[in-house]
Structure formats: structure tokens, C-alpha cells
Q: 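Before we start, here is the structure in question, set down as C-alpha cells.
The analysis underlying the following values was restricted to heavy atoms, covering all of them including side chains, and did not include hydrogens, waters or symmetry mates. All ligand and atom numbering here is 1-based and tracks the order in the structure.
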Amino acid sequence: MLSTNQIKPQTCRWHPFNTSIELEVSAVAAIQRLAGQAIVERGVFLIVLSGGTTPRRIYEALRNIKTEWNSWHIYFGDERCLPVDDPERNNHMATLAWLNHVDIPMSQIHPIPAEKGASVASAEYAQAVNKIALFDLVLLGLGEDGHTASLFPGHELGDSPGAPATIAVFDAPKPPPQRVSLSAQRLSDARNVMFLITGNNKAQAVDNWRSQIAIPASAIKPENGVDIYIEQLLSNQGNIQAHDNKL
Ligand code: 6PG
């Protein structure tokens, strides 16, 4: 039987862009605005970063925004179980593109210790994120098969109430097979969730999502809905209609 959370609808606001550059500019502006708002209202900005290649130019552009870096706290939505300085690690990319270039205190950057293997890293990271009730902003990508973070089709998504905050993954279809992911439930405990989607290979996953055919990305259901920043061409079903821009 499905739990109430699994049948709860997902609110999606689609934000189509003609080019990836327009998408990136708009995403950077939204992140800066949400950071400013969180810092004014609560004194801190708790952001969860996405892996993959799509956010790299956004991270590079974030180096140059005006903000109070010492109020930022950085978390990761998923990590690949690879040695600490492996260039394929998600935190490595974010560090090179962005974090090395700004003044966020090191104690406020929380990488997933994936070098310890999926089981240990998952348990340790759950302790770190369990201290937080709501993230201010979660950034997520979308894979060709509809995965998001390291939540893959046919695998545990952690989308029922009471699901653990993290999931150890041992047989991911996207290399490397060992990964750690925040669960769908934990990723949904956020004031804002923003998907960043570029790349020609994602049209089928996007079409499924738009047709309400469940993909792992459909399991992310924050109270305020999700904002999907996407290149217009990434759908075979005709134009994606712009929702009134919440972010
Ligand atoms: C990873 C991810 C993954 C990624 C998507 C999109 O570790 O690979 O976090 O969920 O965000 O696969 O990746 P691209 O942006 O490279 O298409």
C-alpha cells in the first residue's frame, strides 16, 4: 500500500529558458536573492549542492556575487564514493569551481565523507544533516533515466515518512556504483528546491515527469513545491509553459 507521502502530489513550477546561458544567469540571480532573504530573516543560508556537470558554470558565476559568505553553510545532496581528491567527486567540482574562491569558513562546508565507503559515510552524514530542520535551498540535477541526486529508478528513494536522511547506494547504474545520497524525504525538507536541467539526453525523463509518470525526481515534494529550471528544447511534448516565476 502507498503511504500518504507517496500519494501526496508534487507541485512543479516549470521555468523554461531558450539557452543554457539564460538559465544559468537566472539561477544565479535566484540563488543570490534567496541567500539574501535567508540571511536577513534567519542569519544563515543553508544550501545543498547538486553534483553532475550542469551546475558547474553556475558555481563559477557564484564566485562573483555580493553576499555575506560567512553566513553560508554548504551541504551536498549526494556524493560518489571515491578518494577525497578524485576529480570525479561532486564536492571536488564545487570546490574548484566556486568554494575555493570565496570566504565561507571551512567549518561551514560539509562534504559527504564518501571516501569512507557508502555505509560509514551515509551514517556519518545522517548525523550532520539531522541537526537541521529545513534547508533554505536544495539544488538538484536530473539524469537521463530520471534520477536525481543518487536516487535511481527501481532503487530505494527514501520517500516515506520517517525514512532515514541518507541512503547508502551500492549498485548505482551511473558510475561509480557506490554512492551516498540524501533521501527524497530529507531533500524535501527545504524552503526551496530548484532543479537545474540542461543536456539533450533528458527529454524522455522530462516527458515522463510532465505526464505524471513517476521518476525519482517526482518524489521530491517540499511543502512549497519545486522550481524546475530547464532548457526549452528538452521535451518532445511541445513547449513547456512558464509558470509565474516564484523564485
Ligand atoms: C551525480 C549527481 C546526479 C546528477 C545528474 C545530472 O553525482 O552524478 O548528483 O544526480 O546531478 O545525473 O548530471 P549532469 O548535470 O551531469 O547531467
Q: Tell me, please, which residues at least two apart from Q32 pass side chain to side chain contact (heavy atoms under 4.5 Å, CB included).
A: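 With sequence neighbours excluded, Q32 shows a side chain to side chain contact (heavy atoms under 4.5 Å, CB included) to I65, K66, given in chain and number order.
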Q: Please check if any side-chain donor atom of Q185 sits under 3.5 Å from a side-chain acceptor atom of D189, or the reverse.
A: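 No, D189 and Q185 have no side-chain donor paired with an acceptor closer than 3.5 Å.
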Q: For the residue pair Q108 and W69, confirm or rule out a side-chain donor-acceptor distance under 3.5 Å.
A: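 The criterion, which ignores hydrogens and geometry beyond distance, is not satisfied for W69 and Q108.
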Q: Just by distance, no angles: are the side chains of D136 and H73 close enough, under 3.5 Å, to form a donor-acceptor pair?
A: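 No - no donor-acceptor pair under 3.5 Å links their side chains.
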Q: For E41, does the CD atom sit with more than 12 other heavy atoms under 6.0 Å from it, leaving out its own atoms?
A: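 Yes.
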Q: Is a side-chain donor or acceptor of E223 paired with a backbone partner of R191 at a separation under 3.5 angstrom?
A: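 Flag not set: sc E223 to bb R191 has no pair under 3.5 Å.
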Q: List by chain and number: which residues place a heavy atom under 4.0 Å from ligand 1?
A: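 Its neighbours under 4.0 Å (heavy atoms only) are S50, G51, G52, T53, T54, D78, R80, N90, G141, L142, G143, H147, T148, A149, K174, R179, K202, given by chain and number.
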